[in-house]
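What follows is a single structure, written as structure tokens, with notes after it.
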Amino acid sequence: MSPTESDLRAPDWFRTVVFYELPVRSFYDSNGDGIGDLAGVTEKLDYLRDLGVGAIWLLPFYVSPWKDDGYDISDHYRVDPRFGTMDDLAALVEGAHARGIRVLGDLVTNHISDQHPWFQEARKDRSSPYRSWFLWSDTGKEFSRARLMFPDYEHSNWTWDDAAGQYYFHRFFAWQPDLNYDTPAVHAEMLNFARFWLARGLDGFRCDAVPYLYKREGTKCQSLPEVHQFFQTLRAMMDAEFPGTALVAEANQSVPETVAYFDQGKEFQMVLHFPAMPNFFLSIGDQNPKRVLDVLRATLPGVPGDCGWAYFLRNHDELSLEQVSDEERALFFREFDSTPGARIHNGIRRRLAPLLKGDDSSIVLLTALILGLPGSPYLYYGDEIGMGDRLDLTDRDGVRTPMQWSSGPNGGFSTAPPEELTRPIVTDAPFAPAARNVADEDRQPGSLLWRVRTLLRIRASHAAVFGSERFEGIELGDSPVLGFWRPSAEYRLLGLYNFAPEPATVTVPLPPTVWASPVELLRTGSSSTVVGHDYMARLDRRGFSWTLFLTRRARPVP
Ligand code: GLC
Ligand code: CA
């Protein structure tokens, strides 16, 4: 039976589903022109449903010159023809909804492409109404405290434009002029941009580059109060006109600045957890998972009841190391990145599997971790099969290569000649299609794809406990094991994760509120016994376990 609109838009739906980020361009090419397209995504919806995905986040599919892979929009109200038509989008949304999968778009509000008619008019004519849609300067010296986002490519946030006879401001690439939010028409236009796609069935947005919309002299021009006001207005519009739709923020900031985007439940339902993400990896680096407990203890209490963190391991950008100390960054580079050319913008442009040296147990461990925490996990396409990357491609393109569907030509992504592919296929042997692809992994029980799919199934069949907002970290001394409880009304879930490259043993005292007869939901290479009121587990290298305990008051009456 297909889910109804009210199932899909039930309040808090996002708390129990797994999200899957995908670039339309690289997912599946339905018409053999070498470029992934919307109809291609539609063809692969059964794959996503079988994987257990409850929502997909599509990277920008609007008309764009693709100088920043669609984050440089030149027409907000059309599908890029290389991806298909508005009808293709409608078919994708319909097909997804029929399978219980919501569809998020990417709302890029900070900037547009310099090719956009708004900017073209503004630069040519000082009296154009569009002139005030951008930020101009005669000196290019204002807002000097605003951080450069792409220091490897840009040296200033101001670029001189001959036609305009002035400098214009851009927080990202020079071909992405920032919009001026002090102009009310910009405000209104961006709300219409959101409305337009919500009216076509989208279930919400990942909001791009959230902190930077407003600029004020003397500040770092990030996370200003006006920014919060804008997104609260957007959310209020969505709640009123498209109830049950959701927003997730990309705000790569310090802990307090990031937490602020929940704003008592009035702003974003989800915020991508940039402060936690590097700590998941670092725990493998130094086998000290306390850092994960520390960041969760610092960030979970601030989350309002109907909101949740959005956890991710990798995405379409470099792995950002903005939010860690210099020592931690050094540890990260030492442990995960010895490859020349992998560093970019203070981070690492590599995928999950190469970072973890192709070790499936580590991939499963970290995936199970983000699935086990209170909030919403976001998977990045291809990480479920252990796909690799290409450091020979420029910028972040190497982590956006075609999805590997089979070991056949072009990894089954497209029937076009290889030289016509929108991006080349991964060739690095352990991560290339011959070694890593959906068709083969689908046929091999025990493959990474099977293991990831199993995790999602278990999570979905225990939605009450995984969807609970409650979390209690367990003190395990110097152990390389991370332990936590997820209490819910009837059960307590115990999660144990061994970050060490060798087996580890832990003893967890059981709280008096549980019956000491656990149900192992899943364990990888672990064994356990209960002695009195102690739960003793032995976990394999990089092994983990999810164990369910019935709480005493929920014990069925005989
Ligand atoms: C966000 C996107 C990134 C893009 C940038 C500018 O950080 O994730 O891919 O380049 O915004 O739009
Ligand atoms: Ca195509």
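Both ligands and their constituent atoms are indexed starting at 1 by order of listing.
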### Task
Indicate whether the side chain of Arg25 and that of Thr422 have a donor and an acceptor atom separated by less than 3.5 Å.
yes
### Task
Answer yes or no as to whether an N/O/S atom of Ile35 is found below 3.0 Å from the Ca ion (ligand 2).
yes
### Query
Quick one: do the Gln222 and Gln253 side chains pair a donor with an acceptor below 3.5 Å?
yes
### Task
Determine which of the N, O or S atoms in Asp37 is closest to the Ca ion (ligand 2) and give its atom name.
OD2
### Task
Compute the ring centroids of Tyr381 and His316, then answer whether they are less than 6.0 Å apart.
no
### Query
Once rounded to 10 degrees, what value does the angle at the Ca ion (ligand 2) take between OD1 (Asp33) and OD1 (Asn31)?
80°
#### Entry: For Glu419, all residues meeting side-chain contact (heavy atoms from CB on, under 4.5 Å), sequence neighbours excluded
Pro417
### Query
What does the list of residues with a heavy atom under 4.0 Å from ligand 1 look like, ordered by chain and number?
Asp68, Tyr71, His111, Phe150, Phe172, Gln176, Arg206, Asp208, Glu250, His316, Asp317, Arg396, Arg400
### Query
Any salt bridge between Asp383 and Arg314, counting N to O under 4.0 Å?
no
### Task
For Ser283 and Asn279, work out which heavy atoms get closest and say how close.
OG-O, 2.8 Å
### Message
Taking Arg216 first and then Glu226, would you say they form a salt bridge - that is, a charged N and a carboxylate O separated by under 4.0 Å?
### Response
yes
### Task
Kindly give the atom name of the N, O or S atom of Asp29 closest to the Ca ion (ligand 2).
OD1
### Task
Ignoring hydrogens and angles, state whether a donor on the side chain of Asn192 or His76 is under 3.5 Å from an acceptor on the partner side chain.
no
### Message
When you measure from the Ca ion (ligand 2) to the N, O or S atoms of Ser30, does any of those distances fall below 3.0 Å?
### Response
no
